[in-house]
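Throughout, residue positions are numbered sequentially from 1 according to the sequence presented.
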Amino acid sequence: QIQGMPYGNCLLLSDGPVNNSTGIPFFYVTPKDDTVTDLLKNPMASLTLPEADGNFCRKNVIDPEDPRCTRLTLMGQMVTVPPEEVEFAKQAMFSRHPVVRKWPRSYEWFFMKMNIEHIWLQSWYGEVSPIAVEE
């Protein structure tokens with residue numbers, strides 16, 4: 001009934017090992033998740049990250065979902081991580097989320113990443129600024 005309709009989902013992500021952030025979001029996913037099935041058919045996605053650790057919201061004890069807190073939205077295509085990048089993706093994910101090592105192997109987990117095409121920085125009640133991907 002919802003085929004073709006967009007919807008959101010929470011996925012663990014990592015942009016690199018703790019001391020080697022790359023800015024490229026990596027995901028550890030299973031084809032048993034409808035989100036992944038959809039992404040394999042239509043890879044376009046967006047990812048919004050709240051200012052959970054920013055100075056303003058933390059200092060003023062403001063909920064990260066408050067409109068005064070900055071949000072970064074990344075848009076692009078989700079692709080399967082190529083074999084030559086799998087080891088890096090594994091280090092990136094497992095170093096930040098060690099629990100995934102214990103997830104059931106029968107779920108056929110694999111790595112995806114987002115090839116970022118557009119970046120929007122939103123702050124203060126909806127004001128949006130595009131950011132060049134190169135930055």
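- Summarising the geometry, atom CG belonging to L49 is positioned 12.0 Å from atom OG1 belonging to T70; distances are rounded to the nearest 0.5 Å.
- Distance check, rounded to the nearest 0.5 Å: CE of M114 to CE of M44 gives 8.0 Å.
- Counting all heavy atoms, side chain and backbone alike, G23 lies closest to P25 at O-CD, 3.4 Å.
- Here the side chains of V36 and F27 are not in contact, with every heavy-atom distance at 4.5 Å or above.
- In terms of heavy atoms, S46 sits closest to T73 at CB-CG2, 4.3 Å.
- I131 and V128 fall into different hydrophobic clusters, where Ile, Leu, Val, Met, Phe, Trp and Tyr side chains are chained together by heavy-atom contacts under 4.5 Å.
- Residues V81 and L47 do not share a hydrophobic cluster, clusters being chains of Ile/Leu/Val/Met/Phe/Trp/Tyr side chains in contact below 4.5 Å.
- Here CD of E87 is found 8.5 Å from CZ of F111. Values are rounded to the nearest 0.5 Å.
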(message) side-chain contact (heavy atoms from CB on, under 4.5 Å), that's the test. Do K113 and V79 meet it? Break it down for me.
(response) CA-CA 6 Å; K113 68 178 182 176; V79 298; 3.8 Å; yes

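- Of the residues listed (W103, W109, Y28), the one engaging F94 in a ring-ring contact (aromatic ring centres under 6.0 Å, His included) is Y28, and it is the only one.
- Hydrophobic clustering, with ILVMFWY side chains joined whenever heavy atoms are under 4.5 angstrom apart, keeps F88 apart from L13.
- No donor-acceptor pair closer than 3.5 Å links the side chain of R71 to the backbone N or O of L121.
- I24 is not listed as a side-chain neighbour of I116, based on a closest heavy-atom distance of 4.5 Å or more.
- Under the 4.5 Å side-chain heavy-atom criterion for grouping Ile, Leu, Val, Met, Phe, Trp and Tyr, L72 is not connected to L12 through any hydrophobic cluster.
- Distance check, rounded to the nearest 0.5 Å: CG of D15 to CG of L74 gives 10.0 Å.
- Side chain of S14 to backbone of R96: no donor-acceptor contact under 3.5 angstrom is found.
- For the residue pair Y107 and P31, the shortest heavy atom distance occurs at O-CD, 3.6 Å.
- The side-chain heavy atoms of L39 and V29, taken from C-beta on, include no pair separated by under 4.5 Å.
- One finds the CD atom of Q77 at 10.0 Å from the CE atom of M112 (value rounded to the nearest 0.5 Å).
- Taking CZ of F26 as the reference point, atom NE2 of H97 lies at 12.5 Å (rounded to 0.5 Å).
- For T22 (side chain) and G16 (main-chain N/O), no donor-acceptor pair under 3.5 Å exists by modelled atom type.
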